[in-house]
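What follows is a single structure, written as structure tokens, with notes after it.
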Number of protein chains: 2
Amino acid sequence: MVTIYDIAAKANVSAMTVSRVINNTGKISDKTRAKVRKVMEELNYVPNHNARSLVLQQTRSIFLLITDITNPFYTTLARGAEDAARKSGYRLLFGNSDENLAKEVDYIQTILTTRVDGVLIAPAGDPSLPHLDTLKKHNVPFVLLDREVPGIECDIVLGDSKDGARRLVEHLISQGHKRIALVNGSSSVSSARLRLQGYQEALKLGGVECRDEYLFEAGFGPSHDPHGIKCWFDGLSEQPTAIMAGNNVLALAIIRLLHERGLKVPDDLSVVCFDDLGPFAEIDPFLTVAAQQAYQFGYLGIQLLIGRLAERETASPWNKIVLPADLLIRRSVKRLTPAD
Amino acid sequence: MVTIYDIAAKANVSAMTVSRVINNTGKISDKTRAKVRKVMEELNYVPNHNARSLVLQQTRSIFLLITDITNPFYTTLARGAEDAARKSGYRLLFGNSDENLAKEVDYIQTILTTRVDGVLIAPAGDPSLPHLDTLKKHNVPFVLLDREVPGIECDIVLGDSKDGARRLVEHLISQGHKRIALVNGSSSVSSARLRLQGYQEALKLGGVECRDEYLFEAGFGPSHDPHGIKCWFDGLSEQPTAIMAGNNVLALAIIRLLHERGLKVPDDLSVVCFDDLGPFAEIDPFLTVAAQQAYQFGYLGIQLLIGRLAERETASPWNKIVLPADLLIRRSVKRLTPAD
DNA sequence: TATGGTAATGTTATCGATAACATTTTAATT
DNA sequence: AATTAAAATGTTATCGATAACATTACCATA
């Protein structure tokens, strides 16, 4: 590999002069600058980022850790983060924890050891607390995305899960539904808890009974066992008329299940969920959802983080951005008549 | 940040001894090892990856550059690459070029400057040639994914685009279609060219006329202007009975267009495409597609690359893996009767 | 022509780790 | 107790860059 010393030797200057040309610092005569530039071209010089960040103590790169790279919510979020980082001249590195604490802790290690300047992270859940504490202990600035973690104070971009869930359920109630089930993510994930609250609130406000057997806790990730949902569904004493899914992945699992059981949506059962399904479900925009502004999550998250990096020691108060969800009413909810 | 020198000082040993404990090299007495380990824990030591790779001249990390992070084909591919890399103890970093040469060249720069050990890359197209030449010039091993680039010899994992396209079109012909259009990716992308060949071959074999006006070249990426497709479609002298899309993103654009024009699939027009639409379209598996083994692209790509890294100087012949596509017949093709 | 200030360039130390070689301990053998 | 090999640890140089300080070159002014 070509180093600044190779350049220096060939251009008959010192390494420091080459460094100055590269970084446009200090005073350099036009003649030397041209000479050095020419040699750099000839030798195809590329600076060694590792060496540079070793001495500079910063990398100008940000790590984005998401929990599910196959979920359009997160990929869209990633696009937003990428655009924002690019605009500010930061390199963005991605990681995918797969909703898995072991993978998450691995990535935390990567983050620490590569000395990135900051981190955007969608935590796997409340048990991510020690991981985030580790980041704090090592003084790595981070912004949480999509999920709060009790015990951690930091900048954060959230969706209004409670409100979104409430509106979904209100919609179901307005269509005459009274037996409404919730298949949710793990209660160790803050957004799942809030969606449950929204669900309960809506039932209460609507004067609808909240039955325990209509609550089922699965996981938000795609690798979570769908068997549990089936057992739950098959064991119900009375079938609900509508199911709300805690996120898009769960909605998928539910619809698969209903399909296996020969039940049609919405004729036999209505389904709604949090999060839209992304462009590839657009062929037939069928599911009624609370769609989040995924792109904004990433874009604003990067902005918060870069702001934090810029001020560094000044301890301005933590920012908390809450993005509303859009209720998109489509065709997966049946209007029930009193007869139903 | 805590360094091995801090550890060394506190444990009353030399930095080298600490390094030996960390890397499990050389001979260390159990007593010192325990002592050093304890201090490392106390101080929350994390090795500095930049410093290490500076002296080791390797990073044990691989870069995966994909062209569309919102496309389930690539995200699934990424999952495969992630799993394979993880299994071999390599760190995987992602980048998203967005089918955009400018972003691609930026990432090439990142790749070179961070001195990753190797690269998995889905090139934006034939114009990526200079980018790949740069990698070659700098001796960075890489594996191409999904697309060949004329002028580049290297390990590669491809899908059987020609065969897949042929089978899609044969299926259309078998259903009585004779006016079959192809909306394809840019002809500067090898897979698009092969899909065109497969299309033409099938028409020929089926004794169906190949009309120029039934060929339209758009782009594979989601940011490509859909306006072009509309103009093309609206300007046709005779409407086709079926359209084949060069990939899933184009299929989406076509279906959107038909929807706007009030045409129903498959009643008014049949549609098929290359690549499946991912799990989020599974709610209603509607589109007939040639599905590729996306996960395998990533998984095998990493395996090829790591094999190459292991041998290093031995110049074994280039590997070329061609993965077949599965024809999934669903409901987006209408069976035409002679009357149609 | 000497003088001083600025422009241009160079030298040395440093970032945090490891390789290569050097030295000291330790324990076994005579 | 002397000898010696192996085990354990230490020293120094190095990776590729930049910061901080040092020096030289150059030009304008007195």
Side-chain angles (χ1 to χ4, degrees), chain A residues 1-37 39-40 43-61 91 109-110 112-117 138-140, chain B residues 1-37 39-40 43-61 91 109-110 112-117 138-140:
Chain A
M1 280 279 117
V2 178
T3 72
I4 56 169
Y5 297 98
D6 301 321
I7 311 287
K10 193 156 180 200
N12 257 93
V13 295
S14 73
M16 199 57 221
T17 299
V18 177
S19 172
R20 287 192 183 103
V21 171
I22 294 169
N23 298 295
N24 257 310
T25 53
K27 314 252 175 193
I28 298 281
S29 74
D30 291 349
K31 211 175 67 184
T32 8
R33 196 197 321 276
K35 188 171 55 176
V36 170
R37 287 248 171 86
V39 177
M40 278 173 39
L43 300 188
N44 295 304
Y45 172 75
V46 178
N48 185 321
H49 181 260
N50 299 314
R52 182 180 265 167
S53 53
L54 187 57
V55 47
L56 290 184
Q57 303 281 46
Q58 59 142 326
T59 57
R60 256 194 119 62
S61 49
R91 194 189 317 287
Q109 211 55 26
T110 296
L112 291 175
T113 196
T114 52
R115 305 292 198 265
V116 292
D117 295 344
H138 288 270
N139 238 353
V140 181
Chain B
M1 281 278 118
V2 178
T3 73
I4 55 169
Y5 297 98
D6 301 322
I7 311 286
K10 193 157 181 197
N12 257 92
V13 294
S14 72
M16 199 57 222
T17 300
V18 177
S19 173
R20 287 192 183 103
V21 171
I22 293 169
N23 298 296
N24 258 310
T25 52
K27 315 249 174 196
I28 297 281
S29 74
D30 291 349
K31 210 177 68 185
T32 15
R33 196 197 320 278
K35 189 171 54 176
V36 170
R37 286 247 170 87
V39 176
M40 278 172 41
L43 301 187
N44 296 304
Y45 171 74
V46 178
N48 184 321
H49 181 260
N50 299 314
R52 181 180 267 166
S53 52
L54 186 57
V55 46
L56 291 183
Q57 302 281 47
Q58 59 142 326
T59 56
R60 256 196 118 61
S61 48
R91 195 189 317 288
Q109 210 56 25
T110 297
L112 291 175
T113 195
T114 52
R115 304 292 198 264
V116 291
D117 294 345
H138 289 270
N139 237 355
V140 181

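Note on naming: letters A, B, ... go to the chains in the order of the sequence lines (proteins, then strands), and numbering restarts at 1 for each one.
Within the 4.0 angstrom heavy-atom criterion, only backbone atoms of the sugar-phosphate kind lie near A/T32; the bases stay farther away. The residue B/N50 sits apart from the nucleic acid: no heavy atom pair falls under 4.0 Å. In this structure, A/I28 reaches the sugar-phosphate backbone alone: every heavy-atom distance under 4.0 Å involves primed, P, OP1 or OP2 atoms, never a base.
The interatomic distance linking A/M16 (CE) with D/dA17 (P) rounds to 12 Å, in whole Å. As a whole-Å value, the separation of B/N48 CG from C/dA17 P is 5 Å. Taking atom CZ of A/R20 as the reference point, atom C1' of C/dA7 lies 11 Å away to the nearest angstrom. Atom-to-atom, CD1 of A/I22 to C1' of D/dG16 comes out at 10 Å; the value is rounded to the nearest Å. Atom CD1 in A/I4 sits roughly 6 Å away from atom P in D/dT18 (whole-Å rounding). Regarding B/K27, its NZ atom lies at a distance of 21 Å from the P atom of C/dT24, rounded to whole Å. One interatomic measurement links the two molecules: CG of A/D30 to P of D/dA25, which rounds to 20 Å at whole-angstrom precision.
Put simply, the side chain of B/T59 never gets that close to the backbone of B/S53: no donor and acceptor are under 3.5 Å apart. Side-chain atoms of A/H49 never come within 3.5 Å of backbone atoms of B/T110 as a donor-acceptor pair (strictly under, hydrogens ignored). With hydrogens and angles disregarded, no donor-acceptor distance shorter than 3.5 Å links the side chain of A/S61 to the backbone of A/V116.
Residue side chain A/R115 does not reach the base of C/dG16 through any donor-acceptor N/O pair under 3.5 Å, judged by distance alone.
Defining each end axis of the helix from C/dT1-D/dA30 to C/dT30-D/dA1 as the rotation carrying four pairs' C1' atoms onto the next four, with five pairs an end, the two axes are found to diverge by 60° to 10 degrees.
Remark: A/L56 engages A/R52, A/Q58 in a side-chain contact (heavy atoms from CB on, under 4.5 Å) (not counting sequence neighbours).
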